[in-house]
Amino acid sequence: MFKKLFSSHAKLVEDIRNDNYNNWESHFNNYNNTNSKKADPVKLQSLGLEIYEKHLQDVIQDYAITDDEKKGLIKIKEYFQLSDAAINTVKSKYAKNAVAGLSKQKLADNHLSEEEIQEIGLFAKELNVSDEEVTRINQQNALELYQNAVRDVISDQLVTADEQQTLKQLAQTLGIDIRQATLDKKLKEDYYYLVLLNALEQGYLPQCKQPTVVIQNDEVAYWEISSNFVFARTNTTGYFSQSSKEGFKATKGVSYQLGSSRNSPIREHVLDNLPGIFAITNKGVVFAAQQQSFAIPFTQLHAFDTYTDGIGLQKQQTELLLQFYDKQMSEVIFKVLTNAINAHT
């Protein structure tokens with residue numbers, strides 16, 4: 001039906017579109033004054049929705065709707081007798097993005113005043129956005145600002161005490177409860193990892209409230225981590241036969257060969273892993289596993305070094321190698337062990 005109506009009033013539709021939907025009422029009046037077959041706006045509601053949508057887009061570009069702009073939209077709605085449902089469908093296409101844009105604009109100074117919150121709410125109301133959705137949008141934009149600030153802080157892989165304080169103040173200003181906020185998981189992990197490194201750099205020693213490893217009554221566990229004890233063992237992969245021959249002469253022209261053989265094992269040295277828990281205490285280091293465990297007091301720990309995925313411990317002439325599942329923890333373990341030795345030796 002609308003296609004037939006459009007074709008019968010093609011000139012009118014073309015003129016309005018070419019004019020970017022401006023002066024739409026004048027185009028209707030001119031058309032009806034010069035044509036015997038009048039254009040009925042009620043029968044051209046799809047064109048009316050086009051006009052309404054274009055004017056709505058223009059109106060919300062500056063994130064504000066003035067009284068005159070509101071009257072203009074109402075005039076289009078009444079002229080074409082557009083239903084509330086149709087209007088709401090058009091608004092829903094742009095409403096949330098427009099409210100989010102205004103929210104970000106007001107958050108440019110990292111703060112939303114009561115007046116700004118009210119302004120955002122009134123703008124949202126014109127676009128049929130609920131108060132609950134406005135609150136969610138404001139909180140999401142505030143969280144995005146905070147996360148961007150965190151990304152900027154950790155970009156140099158260092159988080160100072162001053163930067164931590166700045167982020168804390170920013171969260172308070174933005175009204176963000178860090179304990180309840182849904183931060184990006186990896187971003188949060190990276191930030192607190194660098195915060196821990198900074199604290200350890202200052203000599204901080206954490207404590208395990210309920211350590212997994214068994215320690216003495218006067219012993220304090222500072223850190224523990226799941227790890228693999230890597231050790232070499234000899235593995236027999238097979239056997240090979242060795243033979244020897246011995247001859248003697250029985251009589252002139254006659255001799256005999258006596259032979260003997262034995263099986264020798266084929267051995268190779270292989271690395272094996274023993275899963276367990278590695279812990280650092282105020283007395284030394286401990287590795288606890290079901291099959292094998294060891295403890296090295298600080299007085300017997302002659303040296304230690306970190307690798308990309310673990311740590312090596314030197315006890316007399318023996319090096320014990322521990323591999324961590326979380327490769328990022330090697331530096332943490334190194335710093336905790338260093339602080340523990342400095343504090344207790």
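Taking the six-membered ring for Trp and thresholds of 30 and 60 degrees, Phe28 and Tyr79 have ring planes more than 60 degrees apart, a perpendicular arrangement. Ring geometry, His344 versus Tyr222: the interplanar angle falls under 30°, so the pair is classed parallel (tilted spans 30 to 60°).
The same ILVMFWY cluster, assembled from side-chain heavy atoms under 4.5 Å apart, contains both Leu167 and Leu187. Follow the hydrophobic side-chain contacts under 4.5 Å out from Val213 and you never reach Leu274; the two are in separate clusters. A continuous path of Ile, Leu, Val, Met, Phe, Trp and Tyr side chains, each step under 4.5 Å between heavy atoms, connects Tyr204 with Val336, placing both in one hydrophobic cluster. Following chains of ILVMFWY side-chain contacts shorter than 4.5 Å, one cannot reach Phe229 starting from Ile277, and the two form parts of different hydrophobic clusters. Follow the hydrophobic side-chain contacts under 4.5 Å out from Leu337 and you never reach Tyr325; the two are in separate clusters.
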Residue pair Asp190, Val150: steps toward the side chain to side chain contact (heavy atoms under 4.5 Å, CB included) verdict: CA-CA 10 Å; Asp190 290 346; Val150 174; over 6 Å; no
Would you sort out whether Gln105 and Leu102 count as a side chain to side chain contact (heavy atoms under 4.5 Å, CB included), showing the intermediate values? CA-CA 5 Å; Gln105 185 185 82; Leu102 177 59; 3.7 Å; yes
Please lay out, stage by stage, how Leu12 and Leu44 fare under the test side chain to side chain contact (heavy atoms under 4.5 Å, CB included). CA-CA 11 Å; Leu12 171 62; Leu44 291 171; 4.3 Å; yes
Worked verdict on Leu322 versus Ile225 for side chain to side chain contact (heavy atoms under 4.5 Å, CB included): CA-CA 10 Å; Leu322 292 161; Ile225 184 174; over 6 Å; no
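Here the side chains of Leu49 and Thr89 are not in contact, with every heavy-atom distance at 4.5 Å or above. Inter-residue side-chain proximity for Tyr193 and Gln157 is flagged as unmet; no heavy-atom pair is nearer than 4.5 Å. Using a 4.5 Å cut-off on side-chain heavy atoms (C-beta onward), Ile16 and Tyr21 make contact. Between Leu183 and Leu143, the closest side-chain pair of non-hydrogen atoms falls below 4.5 Å. Side-chain contact between Lys315 and Phe294 is absent, with no heavy atoms from C-beta onward closer than 4.5 Å. The closest side-chain heavy-atom distance from Lys91 to Tyr52 is below 4.5 Å. Residues Glu126 and Ile60 have side chains not in contact (no heavy-atom distance under 4.5 Å, counting atoms from C-beta outward). Residues Trp24 and His55 meet the side-chain proximity criterion, which asks for heavy atoms closer than 4.5 Å.
The CG atom of Asn128 sits 12.5 Å away from atom CD of Glu133, with the distance rounded to the nearest 0.5 Å. Rounded to the nearest 0.5 angstrom, Leu47 CG and His9 NE2 are separated by 10.5 Å. Remark: Asn88 CG to Leu127 CG distance equals 10.5 Å, nearest 0.5 Å. In this structure, the separation between CZ on Arg136 and CG on Asn141 is 9.0 Å, given to the nearest 0.5 Å. From Leu112, atom CG reaches atom CG of Leu174 across 8.0 Å, with rounding to the nearest 0.5 Å. Leu56 contributes atom CG, which lies 6.5 Å from atom CD1 of Ile65 (distance to the nearest 0.5 angstrom).
Using a distance-only test at 3.5 Å, with no hydrogens or angles considered, a donor-acceptor pair links the side chain of Asn282 to the main chain of Val220. Judged by distance alone, the side chain of Asp152 and the main-chain N or O of Asn148 form no donor-acceptor pair under 3.5 Å. Side-chain atoms of Gln45 come within 3.5 Å of backbone atoms of Phe80 as a donor-acceptor pair (strictly under, hydrogens ignored). Between the side chain of Glu219 and the backbone N or O of Thr281, no donor-acceptor pair lies under 3.5 Å. At least one donor-acceptor pair closer than 3.5 Å links the side chain of Gln314 to the backbone N or O of Gln316. A donor-acceptor contact shorter than 3.5 Å links the side chain of Asp109 to the backbone of His111. Looking only at distances, a side-chain donor or acceptor of Asp62 sits under 3.5 Å from a matching main-chain atom of Ala64. Asn342 places a side-chain N or O within donor-acceptor distance of the main-chain N or O of Thr338, the cut-off being under 3.5 Å.
Nearest approach of Glu163 to Leu158, heavy atoms of both residues: OE1-O, 3.3 Å. Closest approach of Ser330 and Phe324 over heavy atoms only: OG-CD1, 3.8 Å. Contact detail for Ile176 and Ala181: the closest heavy-atom pair is CG2-CB, 3.8 Å. What you find for Leu205 and Ala340 is that their closest heavy atoms are CD2-N, 3.8 Å. The two atoms that bring Pro275 and Ala289 nearest to each other are O-CB, 3.4 Å, heavy atoms only. Residue Asn138 comes nearest to Leu107 through the heavy atom pair O-CD1, 4.0 Å, listed as atom of the first residue, atom of the second, then distance.
At most 12 heavy atoms of other shown residues, nucleotides or ligands fall within 6.0 angstrom of atom NZ in Lys96. Heavy atoms from other residues, nucleotides or ligands lying under 6.0 Å from NZ of Lys38 number more than 12. Atom CD of Gln290 is surrounded by 12 or fewer heavy atoms from other residues, nucleotides or ligands within 6.0 Å. Atom CD of Gln165 has more than 12 heavy atoms from other residues, nucleotides or ligands within 6.0 Å.
In summary, the side chains of Asn110 and Tyr146 do not present any donor paired with an acceptor at a separation below 3.5 Å, with no hydrogens or angles considered. Side chains of Glu53 and Tyr94: a donor-acceptor N/O pair is present below 3.5 angstrom, by distance only.
Taking the six-membered ring wherever Trp is involved, the centroid distance between the rings of Phe334 and Phe304 falls below 6.0 Å.
Checked for salt-bridge contact, Arg179 and Asp177 meet the test: a charged N lies under 4.0 Å from a carboxylate O.
Partners of Asp40 by salt bridge (Lys or Arg N to Asp or Glu O under 4.0 Å), not counting sequence neighbours: none found.
Checking Asp15, Asp19, Asn18 one by one against His27, the side-chain hydrogen bond (donor to acceptor under 3.5 Å, both in side chains) holds for a single residue, Asp19.
Each side chain to side chain donor-acceptor pair (under 3.5 Å) pair with one or both residues in residues 296-307, not counting sequence neighbours, appears once here: Tyr307-Glu319.
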